[in-house]
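See below for the structure under consideration.
In each ligand, atom 1 is the first atom listed, and ligand 1 is the first ligand listed. The shown structure was predicted, so the numbers you read here are calculated from the model rather than taken from an experiment. Quick note: numbers below take in every heavy atom, side chains included, and nothing from hydrogens, waters or symmetry partners.
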Amino acid sequence: MVATANSLVTAICTDLQLWTLLLLAAVTSLFLADFLKNRRPKNYPPGPWRLPFVGNLLQLDLDKSHLVMQQFVKKYGNIISMDIGNIHSVIITGLPLIKEVFTHMEQKFLKRPITPIRERVFNNNGLIMSNGQTWREQRRFALMTLRNFGLGKKSLEQCIREEAQHLVEAIAEEGGQPFDPQFNINSAVSNVICSLTFGERFAYEDEQFQELLRLLDEATCLEASMICQLYNVFPSIFKYLPGPHQRVFRNWGRLRLFVSHMMDSHRKDWNPIEPRDFIDAFLTEMTKYPDKTTSFNEENLICSTLDLFFAGTETTSHTLRWALLYMALYPEVQEKVQAEIDEVIGQKRQPSTDDRESMPYSNAVIHEVQRMGNIVPLNVPREVTTDITLAGFHLPKGTMILTNLTALHRDPKVWATPDTFNPKHFLENGQFKKRESFLPFSMGKRACLGEQLARSELFIFFTALMQQFTFKPPINEKLSTKFRMGLTLSPVSHRICAVPRQRCWRRNEKEEKEGHAL
Ligand code: HEM
Ligand SMILES: *[C@@H]1O[C@H](CO)[C@@H](O)[C@H](O)[C@H]1NC(C)=O
């Protein structure tokens with residue numbers, strides 16, 4: 001009896017040992033496989049020590065990842081390697097190297113790396129995350145449509161000016177009391193894209209419209225979170241786990257559904273001779289290639305529309321919120337902007353982009369807002385398409401490339417007061433001065449497709465608001481320039497007061513006309 005028990009114990013023990021051994025062997029080989037897979041090629045750029053599987057992911061405190069890295073750059077130089085999960089990435093610092101990458105070497109950097117999240121949502125379609133033929137066709141078409149928009153209908157500029165009027169009215173309704181500007185500004189900016197893509201704008205209170213904006217904001221904010229980074233490293237596991245990352249997919253799903261309904265309703269009253277908007281123009285393009293050898297299909301219609309929505313809403317609206325915040329923090333700058341507006345535009349008409357030339361100060365202020373706001377700190381990632389040598393280092397095909405725009409926009413060798421808001425950075429003898437180290441829209445063939453549109457929006461919205469209001473911190477509340485990390489940096493949620501300056505120009509015009517009539 002005792003003997004049997006004994007041998008049972010021995011058996012279990014040997015069994016356990018066997019299991020332990022097997023487990024150990026399995027784990028070791030996993031680590032070994034990971035190590036071999038992630039072995040640095042010769043002459044690979046230096047970088048901080050990485051953990052198996054997650055790489056440097058945990059070193060990147062995501063809330064302020066772009067600040068934590070400073071010490072690494074000091075230690076390793078202008079081109080450093082990091083593994084974000086299993087993605088091999090290289091971060092490039094400094095104008096000379098960035099220019100090299102985006103000019104004569106750009107052909108090798110035109111690709112976007114695809115994260116598992118993006119792959120599942122967009123399946124390599126659309127504008128921002130597509131590559132190859134799809135990207136070339138979609139980008140050319142979107143640029144052309146943006147340029148031609150206005151044939152037979154309102155121009156984009158007119159759209160922006162009308163929307164600025166709605167925005168001024170909505171903000172006037174706050175009556176100078178503290179309010180969170182996010183709602184109004186986000187709605188106004190998004191409406192410009194809605195006019196372009198859907199041919200209609202929405203009332204700011206429209207529930208469906210607000211739901212759309214909320215879904216977008218939540219999806220992009222969540223996508224920058226740690227759990228989503230982990231999804232990107234272990235998609236096959238996280239796919240089955242509950243958590244906030246599932247909301248990303250749900251939200252994009254609902255956004256897609258909305259665009260697909262829009263597409264269906266456009267089809268019903270579509271007149272190929274008179275395209276009303278981006279969707280109409282896309283439908284026309286689809287009929288041109290019935291053999292389906294191009295990317296002009298429903299899937300790309302939906303994805304490109306969503307990309308315009310996504311890239312065109314958050315970026316510009318965050319920048320405008322930074323602008324108002326800086327004006328409230330720097331009242332003397334705000335006064336100068338208003339003085340310039342009063343002199344060049346006056347109170348009787350609405351600003352237009354033609355005024356920009358004669359308004360160097362306001363133009364400089366908008367540039368300085370973009371420099372300080374720095375909303376895309378590490379640019380949008382690119383990927384190396386063949387093995388190359390950069391600055392003496394070997395970058396294998398497939399390496400992800402990030403360019404440090406923060407370093408450029410805060411370079412103490414270039415900017416007189418790198419960390420302080422100062423419009424003089426863009427002025428010389430009272431004239432507007434372009435700066436090379438200013439690349440908020442990036443550069444090259446894959447640079448921001450909406451730069452012209454964004455610049456028009458920023459100028460018209462900003463000057464229209466400065467013409468009508470003075471922005472101030474609420475009494476007894478302190479405004480800060482703290483930011484929220486999402487796919488783009490935005491000011492943390494805050495309240496501000498918009499104190500009306502003079503009577504609205506539209507009322508003035510009306511009174512003048514009535515005056516003439518009398
Ligand atoms: C202040 C506003 C904006 C900023 C700071 C900004 C910034 C950027 C940056 C840094 C990129 C990456 C470029 C690269 O990879 O080199 C980009 C790409 C892009 N932007 Fe913007 N953007 C803004 C507004 C807009 C607007 C209004 C639109 C809508 C029309 C837009 C559409 C796009 C698209 C479609 C891409 C992808 C281009 C491609 O991959 O070929 N952006 N943007
Ligand atoms: C980018 O540059 C800034 C400013 O020099 C620095 O603080 C930051 O750590 C850098 N980020 C990365 C990821 O290299």
TODO: Answer side chain, backbone, both or neither: which part of D411 comes under 4.0 Å from ligand 2, heavy atoms only.
DONE: neither
TODO: Could you say whether the N/O atoms of N404 and ligand 2 ever approach to under 3.5 Å?
DONE: yes
Open item on the list: Closer than 4.0 angstrom, basic N to acidic O: yes or no for R201 and E162?
Closed with: no
Task: Protein heavy atom at shortest distance from atom 13 (C) of ligand 1 - done: R446 O, 3.3 Å
Task: Subset of ligand 1 atoms that lie under 4.0 Å from at least one heavy atom of L308 - done: 30 (C)
Open item on the list: Need the ligand 2 atom indices (1-based, order shown) with element for anything under 4.0 Å from a heavy-atom of I91.
Closed with: 13 (C), 14 (O)
- [ ] For the pair K397 and E383, find out whether any cationic side-chain nitrogen is under 4.0 Å from an anionic carboxylate oxygen.
- [x] no
Open item on the list: Does R446 qualify as a cation-pi partner of F109, given the criterion of NZ or CZ under 6.0 Å from the six-membered ring centre and within 45 degrees of its axis?
Closed with: no
Open item on the list: Under 4.0 Å from a heavy atom of T319: which atoms of ligand 1 are those, numbered in the order shown and with their elements?
Closed with: 1 (C)
Task: Close approach, N379 and ligand 1, non-hydrogen under 4.0 angstrom - done: yes
Task: Interfacing atoms of ligand 1 (cut-off 4.0 Å, heavy-atom, W135) - done: 39 (C), 40 (O), 41 (O)
Open item on the list: Run the side-chain hydrogen bond (donor to acceptor under 3.5 Å, both in side chains) test on N374 and T406 for me, step by step, so that the C-alpha distance in whole Å, both residues' side-chain angles and the decisive distance to 0.1 Å come before the verdict.
Closed with: CA-CA 7 Å; N374 188 40; T406 312; 3.0 Å; yes
Open item on the list: Does this structure show an ion pair linking E368 with K424, if we count only N-O contacts that are shorter than 4.0 Å?
Closed with: no
- [ ] Report the protein N/O/S neighbours of atom 21 (Fe) of ligand 1 that fall below 2.8 Å; do not count waters.
- [x] C448 SG
Task: Those atoms of ligand 1 less than 4.0 Å from some heavy atom in Q370 - done: 1 (C)
Open item on the list: Does the residue M129 have a heavy-atom contact with ligand 1, meaning some pair of atoms that are separated by less than 4.0 Å?
Closed with: no
Task: Evaluation steps, salt bridge (charged side-chain N to carboxylate O under 4.0 Å, His left out), between E223 and R118 - done: CA-CA 10 Å; E223 206 179 316; R118 288 271 147 179; 3.0 Å; yes
TODO: Could you tell me whether F282 and F296 have their ring centroids closer than 6.0 angstrom?
DONE: yes
Open item on the list: If only side-chain N and O atoms count, and only distance matters, is there a donor-acceptor pair under 3.5 Å linking S456 with E157?
Closed with: no
Open item on the list: Is it the case that ligand 1 has an N or O less than 3.5 angstrom from some N or O of R382?
Closed with: yes
Task: atom 11 (C) of ligand 1 - nearest protein heavy atom and its distance - done: V380 CG2, 3.7 Å
Open item on the list: Determine whether the aromatic ring centres of residues F209 and F258 are separated by less than 6.0 angstrom.
Closed with: no
Open item on the list: What verdict does the ring-ring contact (aromatic ring centres under 6.0 Å, His included) test give for W322 and F483, after you've listed the backbone C-alpha separation in whole Å, the side-chain angles of each residue and the deciding distance to 0.1 Å?
Closed with: CA-CA 10 Å; W322 280 120; F483 55 78; 7.3 Å; no
TODO: Would you check whether E457 has a nitrogen or oxygen atom less than 3.5 angstrom from a nitrogen or oxygen atom of ligand 1?
DONE: no
Task: is_close_aromatic(F141, F278), centroid dist under 6.0 Å - done: yes
- [ ] Would you mind running through ligand 1 and noting each atom that sits below 4.0 Å from a heavy atom of S442?
- [x] 13 (C), 14 (C), 16 (O)
Task: Ion pair check, K336 and E340, cut-off under 4.0 Å - done: no
Open item on the list: Under a 4.0 angstrom heavy-atom cut-off, which atoms of ligand 1 come close to P440?
Closed with: 5 (C), 7 (C), 10 (C)
- [ ] Can you pull out the closest protein heavy atom to atom 15 (O) of ligand 1? Residue, atom name and distance to 0.1 Å, please.
- [x] R112 NH1, 2.8 Å
Open item on the list: Would you say NZ of K445 has more than 12 non-hydrogen atoms from neighbouring residues, nucleotides or ligands within 6.0 angstrom?
Closed with: no
Open item on the list: Against the six-membered ring of W135, is R112 placed for a cation-pi contact (under 6.0 Å from the centre, within 45° of the normal)?
Closed with: no
Open item on the list: Taking R256 first and then E299, would you say they form a salt bridge - that is, a charged N and a carboxylate O separated by under 4.0 Å?
Closed with: yes
- [ ] For L378, take its heavy atoms, then give the atoms of ligand 2 lying under 4.0 Å from any of them.
- [x] 13 (C)
TODO: Could you see which bit of R139 sits under 4.0 Å from ligand 1, with heavy atoms only: side chain, backbone, both or neither?
DONE: side chain
